J.: 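Can you read through this structure? Questions will come right after.
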2 protein chains.
Amino acid sequence: MTDDAAAITLLIVDDHPVVRDGLRGMFESAPGFRVLGEASNGVEAVALAAALDPDVILMDLRMPGGGGVDAIRELTRTGARAKVLVLTTYDTDSDTLPAIEAGATGYLLKDAPRDELFAAVRAAAEGRTVLSPAVASRLVSAVRTPRAPGNDPLSAREREVLALVAKGTSNREIARELFISEATVKTHLTHLYAKLGVKDRAAAVATAYERKILG
Amino acid sequence: MTDDAAAITLLIVDDHPVVRDGLRGMFESAPGFRVLGEASNGVEAVALAAALDPDVILMDLRMPGGGGVDAIRELTRTGARAKVLVLTTYDTDSDTLPAIEAGATGYLLKDAPRDELFAAVRAAAEGRTVLSPAVASRLVSAVRTPRAPGNDPLSAREREVLALVAKGTSNREIARELFISEATVKTHLTHLYAKLGVKDRAAAVATAYERKILG
DNA sequence: GCGGGCATCAGCCGATCGGCTGATGCCCGT
DNA sequence: ACGGGCATCAGCCGATCGGCTGATGCCCGC
């Protein structure tokens, strides 16, 4: 079954051997697919993609030594023929949008059923976009809000709250510090999370440092 | 009562007018004290301290436009005669140790009873150190642990966890990402909090950026 | 004068976090 | 061989957080 002439050829990229084995086994035991190789990080992936010229690359994000997003960007830049199907563990992954912007054809969660995975790979091979429901809904909301989810300036009050958060101040303490209620602090936080495109205070602080809002 | 020749002269520094009024009223209605002036930030405080030459400066930390710690450092550097008594709202304040290092003579919480406050000011005027119990216990634990609570290098694993925290990853997600249990993630976090001298993930991320561990 | 951004507040809820206590195994340096 | 740093894990608990829904008042620009 590995020499099916019409088979869709695959490259598997994941830093976890267990996952690679699982995927390989799954696709090798199904008709219509052929696994050409495996890579354990983004750099390897780019090299192998050039050497093996697969139809579809199943790619994890967040790998030591060459992140997935960078690899996708590189593949896109060099005009690789392969379609990239991102296969990640959590939809909460903050790299969702960057990955798609970088040129990923699809974005699935690892807990997707086998059949859904097969269908997704076939769809990706044809260039059709496949998104898991959670990611899809996130995308529409991102589009619905035309603001660049990154360059939205924070209000003075929001920066003030953020600065205190960076010092390890709790919401209640921030409230007393600024003479407002805890509810208001939470509102400010919710707003600045949205503006920064993050989901908790730790990531907000990190993003703020990256963008020179703090520091 | 404001022209008592033996009165202890005071400078009140706090960004909240309410607090300044409260302190002024408290000390003006008590014998043995004379309030020379008020400042609402650190810069003002340094200037007024030079002009008025008070015995004791009651200083809040965390003020807009010139933080309290910087002001204390400046006063110490210029060899001001005044003793600085830090008067802050929470003992959770992360500036506790820096303030004392900078040269503060005492450190009290604002909810201290009047008499305790008076006694503290008298003690400060004589150069004796006064610490609120919470701060005192923190100090001993800081001394008990001879490591500089700031320069303790993180282990590779701790840095790994911290980097994920900065991306907004939850403990559970980090656990799966690194193939360890959530309990272990929490252990790493507790350790790196101690090493960085912070109390939550947001402050850890901020400190890591400040020290170029991240970014 | 109306929409919209901003700041303020309320209450509920489940999820997550952080503290505490305690334990095991590994490796390294003395 | 012993101590110590590191990594791993458990369970309990209260505190905190973040999401959700909804509301008010202010000010500004069109």
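Atoms considered below: every heavy atom in the structure, side chains included; atoms not considered: hydrogens, waters and symmetry mates. Each chain gets a letter, A, B and so on, in the order its sequence line appears, and its residues count up from 1. Just so we're clear, the structure is a prediction, and the values are computed from it rather than from any experiment.
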J.: Using 30° and 60° as the class limits, which term best fits the ring planes of A/Phe27 and A/Phe118: parallel, tilted or perpendicular?
T.: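 It falls in the perpendicular class, over 60°.
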
J.: Both B/Ile180 and A/Asp200 contact DNA chain D. Taking the nearest nucleotide for each, which residue is further toward the 5' end?
T.: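 Whichever sits nearer the 5' end wins; that is B/Ile180.
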
J.: Examine the base of D/dG19 for any acceptor or donor lying under 3.5 Å from a partner atom in the side chain of A/Lys186, and report the outcome as yes or no.
T.: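 By the distance-only test, yes, there is a pair.
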
J.: Ignoring backbone atoms, establish whether B/His191 has a side-chain N or O less than 4.0 Å from OP1 or OP2 of D/dC6.
T.: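 So the side-chain polar atoms of B/His191 never come under 4.0 Å of the phosphate oxygens OP1 or OP2 of D/dC6.
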
J.: Expressed as a whole number of angstroms, how long is the span from B/His188:NE2 to C/dG19:C1'?
T.: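 That distance rounds to 17 Å.
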
J.: Run the side chain to side chain contact (heavy atoms under 4.5 Å, CB included) test on A/His188 and A/Ile174 for me, step by step, so that the C-alpha distance in whole Å, both residues' side-chain angles and the decisive distance to 0.1 Å come before the verdict.
T.: CA-CA 11 Å; A/His188 288 316; A/Ile174 292 171; over 6 Å; no

J.: Using modelled atom types and a 3.5 Å cut-off, is there a donor and acceptor pairing between side-chain atoms of A/Glu173 and backbone atoms of A/Ser170?
T.: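 Yes, the answer is positive, given that a donor and an acceptor are paired below the 3.5 Å cut-off.
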
J.: Before accepting this row, confirm whether a basic side-chain N of the pair B/Arg157/B/Glu160 lies closer than 4.0 Å to the acidic partner's carboxylate O.
T.: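 A salt bridge links B/Arg157 with B/Glu160.
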
J.: Polar pairs (N or O, both sides) under 3.5 Å between protein and nucleotides 27-30 of chain D?
T.:
none

J.: Go through the structure and list residues passing side-chain contact (heavy atoms from CB on, under 4.5 Å) with B/Ser181, not counting sequence neighbours.
T.: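 side-chain contact (heavy atoms from CB on, under 4.5 Å) list for B/Ser181, sorted by chain: B/Ala183, B/Thr184.
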
J.: Please compare B/Ala202 and A/Phe179 by the position of their nearest nucleotide in DNA chain C and report the one closer to 5'.
T.: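 Result: A/Phe179.
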
J.: Measure from CZ on B/Arg172 to C1' on C/dG14 and round the result to the nearest Å.
T.: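 Spelled out: CZ on B/Arg172 to C1' on C/dG14 is 12 Å.
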
J.: Under 4.0 Å between a side-chain N/O of A/Asn171 and OP1 or OP2 of D/dC17, yes or no?
T.: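 Answer yes for this pair, as a side-chain N or O of A/Asn171 is under 4.0 Å from OP1 or OP2.
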
J.: Can you find a donor-acceptor N/O pair under 3.5 angstrom joining the side chain of A/Thr187 to the base of C/dC9?
T.: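 For A/Thr187, whose side chain was compared with the base of C/dC9, there is a donor-acceptor pair (under 3.5 Å).
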
J.: Indicate the atoms forming the closest heavy-atom contact of A/Pro54 with A/Leu36, along with that distance.
T.: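 Of all heavy-atom pairs spanning A/Pro54 and A/Leu36, the closest is CA-CD1, 3.8 Å.
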
J.: Please report the end-to-end axis angle for the helix from C/dG1-D/dC30 to C/dT30-D/dA1, five pairs per end, rounded to 10 degrees.
T.: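 Helix axis angle between the two ends: 60°.
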
J.: If you measure only the distance, is there a donor-acceptor pair under 3.5 Å linking the side chains of A/Ser40 and A/Glu44?
T.: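 Checked: A/Ser40/A/Glu44 side chains pair up, N/O donor to acceptor below 3.5 Å.
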
J.: Using a 4.0 Å heavy-atom cut-off across all strands, classify B/Ser155 as base, sugar-phosphate, or nothing.
T.: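 The residue B/Ser155 makes sugar-phosphate contact but no base contact.
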
J.: Whether A/Arg157 contacts C/dC6 is assessed here as follows: a side-chain N or O lying under 4.0 Å from the phosphate OP1 or OP2. Is that the case?
T.: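 For C/dC6, OP1/OP2 do not have a side-chain N/O of A/Arg157 under 4.0 Å.
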
J.: Measure from the side-chain heavy atoms of A/Tyr193 and tell me the nearest of C/dG18, C/dA7, D/dG18.
T.: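 Minimum distance to the A/Tyr193 side chain belongs to D/dG18.
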
J.: Any idea which of D/dG19, D/dC17, C/dC17 is nearest the B/Ser170 side chain?
T.: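 Nearest nucleotide to the side chain: C/dC17.
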
J.: Below 4.5 Å, heavy atoms only, C-beta onward: do B/Leu23 and B/Leu87 meet side chain to side chain?
T.: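 Yes; the side chains approach each other to less than 4.5 Å.
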
J.: If only side-chain N and O atoms of A/Lys199 are considered, is one of them under 4.0 Å from the OP1 or OP2 phosphate oxygen of C/dT16?
T.: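 Answer is no, no contact under 4.0 Å.
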
J.: Is any side-chain N or O of B/Ser181 closer than 4.0 Å to OP1 or OP2 of D/dC9?
T.: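 Answer yes for this pair, as a side-chain N or O of B/Ser181 is under 4.0 Å from OP1 or OP2.
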
J.: If we only count heavy atoms from C-beta on, is the B/Val86 to B/Leu108 side-chain gap below 4.5 Å?
T.: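 Heavy-atom side-chain distance check fails, nothing below 4.5 Å.
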
J.: How many whole angstroms separate atom CG of B/Leu162 from atom P of C/dG18?
T.: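 Taking atom P of C/dG18 as the reference, CG of B/Leu162 is at 12 Å.
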
J.: Evaluate the side chain to side chain contact (heavy atoms under 4.5 Å, CB included) criterion for residues B/Val13 and B/Leu58: first the C-alpha distance (whole Å), next the side-chain angles of each, then the deciding distance (0.1 Å), finally the verdict.
T.: CA-CA 6 Å; B/Val13 187; B/Leu58 292 175; over 6 Å; no

J.: Measure from the side-chain heavy atoms of A/Ala183 and tell me the nearest of C/dA7, D/dA7, C/dA10.
T.: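 Selected nucleotide (nearest to the side chain): C/dA10.
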
